[in-house]
Participant: 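Can you read through this structure? Questions will come right after.
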Amino acid sequence: MTFLWPQFLWLLAAIPLLVLLYVWLMRRKKKLALRYASLSIVREAMGAGQAVRRHIPPLLFLLALVAMLIAAARPMAVVVLPSNQQTIILAMDVSGSMRAADVLPNRLVAAQEAAKSFIKELPRTVKVGIVAFAGSAQVAQLPTTNREDLVTAIDSFQLQRATATGNAIVVSLATLFPDAGIDISDFGPQSRERGVPIDRAGKAPPKEFTPVPPGSYTSAAIIMLTDGQRTTGVDPLDAAKVAAERGVRVYTVGIGTVDGETIGFEGWSMRVRLDEETLKAIANKTQAEYFYAGTANDLKKVYNTLSSRLTVEKKETEISALFAMGAAALALLSAGLSLLWFNRIL
């Protein structure tokens, strides 16, 4: 715990002085009482329970003073609060390798079911968008709070060839920042050409922006699920760099076989391998996390974990009000007990 005004903590040094003053007053009061009554009469009048009660209200009031002084120093603490995450993009691999049955009933169906369960658990105020990627990436559903539209988009996935993980990140960023001018053509060798493509002629150039610290954009996040390594498209680390500069976290989820597996698709035979190294690098670059899901149950657990992390966040917050409320409660309790037991306040 830290303090914005730590100089007020010096006032806590007065607490021991107040304790000494209270002890002195109690002894002085006792001496005065003995002048006018015998010791036996005093002992009969003040039982052991009564003597203990006498010190409880002052003790509570002293604790109230301590809490008030700490509140005056404006304490700060890391507390768990509801997240202001408003948009989540699910970038899901629909390449041919997702038909593999090493994750039952197969990788694609397991991913679809886990994604739908994840969406169901999110607060209704959180918008979710769907990006499907294989050899290219496209928006299957723009960010929306309509859960039925999201389920329909997930159920309509069609398997395709190749895997373009970098394209998935770029399209996800373009969906989150539609006015930023983020485009696939800005990446790769064609981005270094001096000319402007015909299809982009007349369009406004990308808006300049100042890079922010990675992970600092808390209004959105990207969750990318894939079972293979990149075979085409934008370099995923270049795309992750753009996400990091905009402060967007890219959580990566690897599903399937780490060592690789031979898959048949549309008459083709291919060997797919989960590129964990790149997925971990993407997550690290954007201040996010990488998760491995080897089974359908693992995948559900991953999405449950992400749901809890994206709906709450740890944040350093001033907690002066909590100490002030505690001080008020202790002061009222002290006064109430004093009135109840002795018909006076302290």
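Computed from a predicted model, the values in this text were never measured in an experiment.
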Participant: Could you check whether any side-chain N or O of S216 sits under 3.5 Å from a backbone N or O of P213, counting only pairs where one atom can act as donor and the other as acceptor?
Facilitator: yes

Participant: Report, as yes or no, whether the 6.0 Å neighbourhood of atom CD on E148 holds more than 12 heavy atoms from other residues, nucleotides or ligands.
Facilitator: yes

Participant: For atom CD of Q7, decide whether the heavy atoms of other residues, nucleotides or ligands shown that lie under 6.0 angstrom number more than 12.
Facilitator: yes

Participant: On a heavy-atom basis, which atom in L159 and which in S95 lie closest, and how many Å separate them?
Facilitator: CD2-O, 3.4 Å

Participant: State the CD1-CZ distance between I70 and F8, to the nearest 0.5 angstrom.
Facilitator: 14.0 Å

Participant: Enter the distance from I154:CD1 to L108:CG here, rounded to the nearest 0.5 Å.
Facilitator: 10.5 Å

Participant: How long is the straight-line distance from CG of L337 back to CG of L59, given to the nearest 0.5 Å?
Facilitator: 11.0 Å

Participant: Starting at CE of M224, measure out to OH of Y290 and round the result to the nearest 0.5 Å.
Facilitator: 10.5 Å

Participant: Using side-chain heavy atoms (C-beta onward) and a distance below 4.5 Å, is R230 in contact with D275?
Facilitator: no

Participant: Where is the tightest heavy-atom contact between V171 and T175, given as atom of each residue plus distance?
Facilitator: O-OG1, 2.8 Å

Participant: Which distance, rounded to the nearest 0.5 Å, do you find between the CG of L63 and the CG of L333?
Facilitator: 10.5 Å

Participant: With side chain to side chain contact (heavy atoms under 4.5 Å, CB included) as the criterion, how do V248 and T286 come out once you've worked through the C-alpha distance, each side chain's angles and the decisive distance to 0.1 Å?
Facilitator: CA-CA 7 Å; V248 178; T286 61; over 6 Å; no

Participant: If two hydrophobic side chains count as joined below 4.5 Å and joins carry through other members, does L330 share a cluster with L340?
Facilitator: yes

Participant: Taking all heavy atoms of L176 and all of I222, pick out the closest pair and write down the distance.
Facilitator: CD1-CG1, 4.0 Å

Participant: What's the shortest heavy-atom distance between R54 and P57, and which atoms?
Facilitator: O-CD, 3.9 Å

Participant: Within a strict 4.5 Å, meaning less than it, do heavy atoms of the V109 and Q112 side chains meet?
Facilitator: yes

Participant: Quick one: does K120's side chain get under 4.5 Å of R147's, heavy atoms only?
Facilitator: no

Participant: Looking only at side chains, do N297 and T295 share a donor and an acceptor under 3.5 Å apart?
Facilitator: no

Participant: Taking the side chain as everything from C-beta on, heavy atoms only, tell me whether L279 gets closer than 4.5 Å to E276.
Facilitator: no

Participant: In sequence, state the C-alpha distance, the side-chain angles, and the governing distance for N146 and L150, and then conclude on side chain to side chain contact (heavy atoms under 4.5 Å, CB included).
Facilitator: CA-CA 7 Å; N146 190 315; L150 293 168; over 6 Å; no

Participant: Does S334 offer a backbone N or O that forms a donor-acceptor pair with the side chain of S338 under 3.5 Å?
Facilitator: no

Participant: For the hydrophobic clusters of this structure (ILVMFWY residues joined by side-chain heavy atoms under 4.5 Å, transitively), does one cluster hold both V151 and F157?
Facilitator: no

Participant: Could you walk me through whether R246 and I182 pass the side chain to side chain contact (heavy atoms under 4.5 Å, CB included) test, one step at a time?
Facilitator: CA-CA 11 Å; R246 293 187 177 274; I182 300 173; 3.5 Å; yes

Participant: Write out all pairs satisfying ring pair (Phe, Tyr, Trp, His ring centres under 6.0 Å) with one or both partners inside residues 94-128, taking only residues at least two apart or from two chains.
Facilitator: F118-Y303

Participant: List the steps, then state whether side chain to side chain contact (heavy atoms under 4.5 Å, CB included) holds for K127 with T144.
Facilitator: CA-CA 5 Å; K127 290 184 178 180; T144 179; 6.0 Å; no

Participant: Going hydrophobic residue to hydrophobic residue with side-chain gaps under 4.5 angstrom, can you get from L12 over to L322?
Facilitator: yes

Participant: I'd like to check L299 versus E113 (side-chain heavy atoms, cut-off strictly below 4.5 Å). Are they in contact?
Facilitator: no

Participant: Distance-only, no hydrogens or angles: does the R249 side chain make a donor-acceptor pair with backbone N or O of A221 under 3.5 Å?
Facilitator: no

Participant: Specify the closest pair of heavy atoms between T163 and Q229, including all atoms of both residues, with the distance to one decimal.
Facilitator: CB-O, 3.5 Å

Participant: I need the minimum non-hydrogen distance between V212 and G247, along with the two atoms involved.
Facilitator: CG2-N, 3.4 Å

Participant: Indicate yes or no for a side-chain donor-acceptor contact from D93 to the backbone of L225 under 3.5 Å, with no hydrogens or angles considered.
Facilitator: no

Participant: Show every donor-acceptor pair shorter than 3.5 Å between a side-chain atom in residues 131-143 and any protein atom, with sequence neighbours excluded, or say none if there are none.
Facilitator:
residue : atom : partner : partner atom : Å
S136    : OG   : Q138    : OE1          : 3.3
Q138    : NE2  : A132    : O            : 3.2

Participant: Do I255 and T226 come within less than 4.5 Å of each other through their side chains, counting heavy atoms only?
Facilitator: no

Participant: Are more than 12 heavy atoms from other residues, nucleotides or ligands located less than 6.0 Å from atom NZ of K116?
Facilitator: yes

Participant: Is I56 close to W341 at the side-chain level, that is, under 4.5 Å between some pair of heavy atoms?
Facilitator: yes

Participant: Let me see the working for F177 and Y217 under ring pair (Phe, Tyr, Trp, His ring centres under 6.0 Å), right down to the final yes or no.
Facilitator: CA-CA 12 Å; F177 306 101; Y217 187 74; 5.3 Å; yes

Participant: Which residues pass the side chain to side chain contact (heavy atoms under 4.5 Å, CB included) test with V302, not counting sequence neighbours?
Facilitator: V253, F291, A293, L306

Participant: Answer yes if L25 and L18 sit in the same cluster of Ile, Leu, Val, Met, Phe, Trp and Tyr residues linked by side chain heavy atoms under 4.5 Å apart, and no otherwise.
Facilitator: no

Participant: Tell me, do V242 and V170 make a side-chain contact under 4.5 Å, heavy atoms counted?
Facilitator: no

Participant: Just verifying a value: how many Å separate I130 CD1 and L90 CG, rounded to the nearest 0.5 Å?
Facilitator: 4.5 Å

Participant: Any chain of hydrophobic side-chain contacts (each under 4.5 Å) joining L9 to V19?
Facilitator: yes

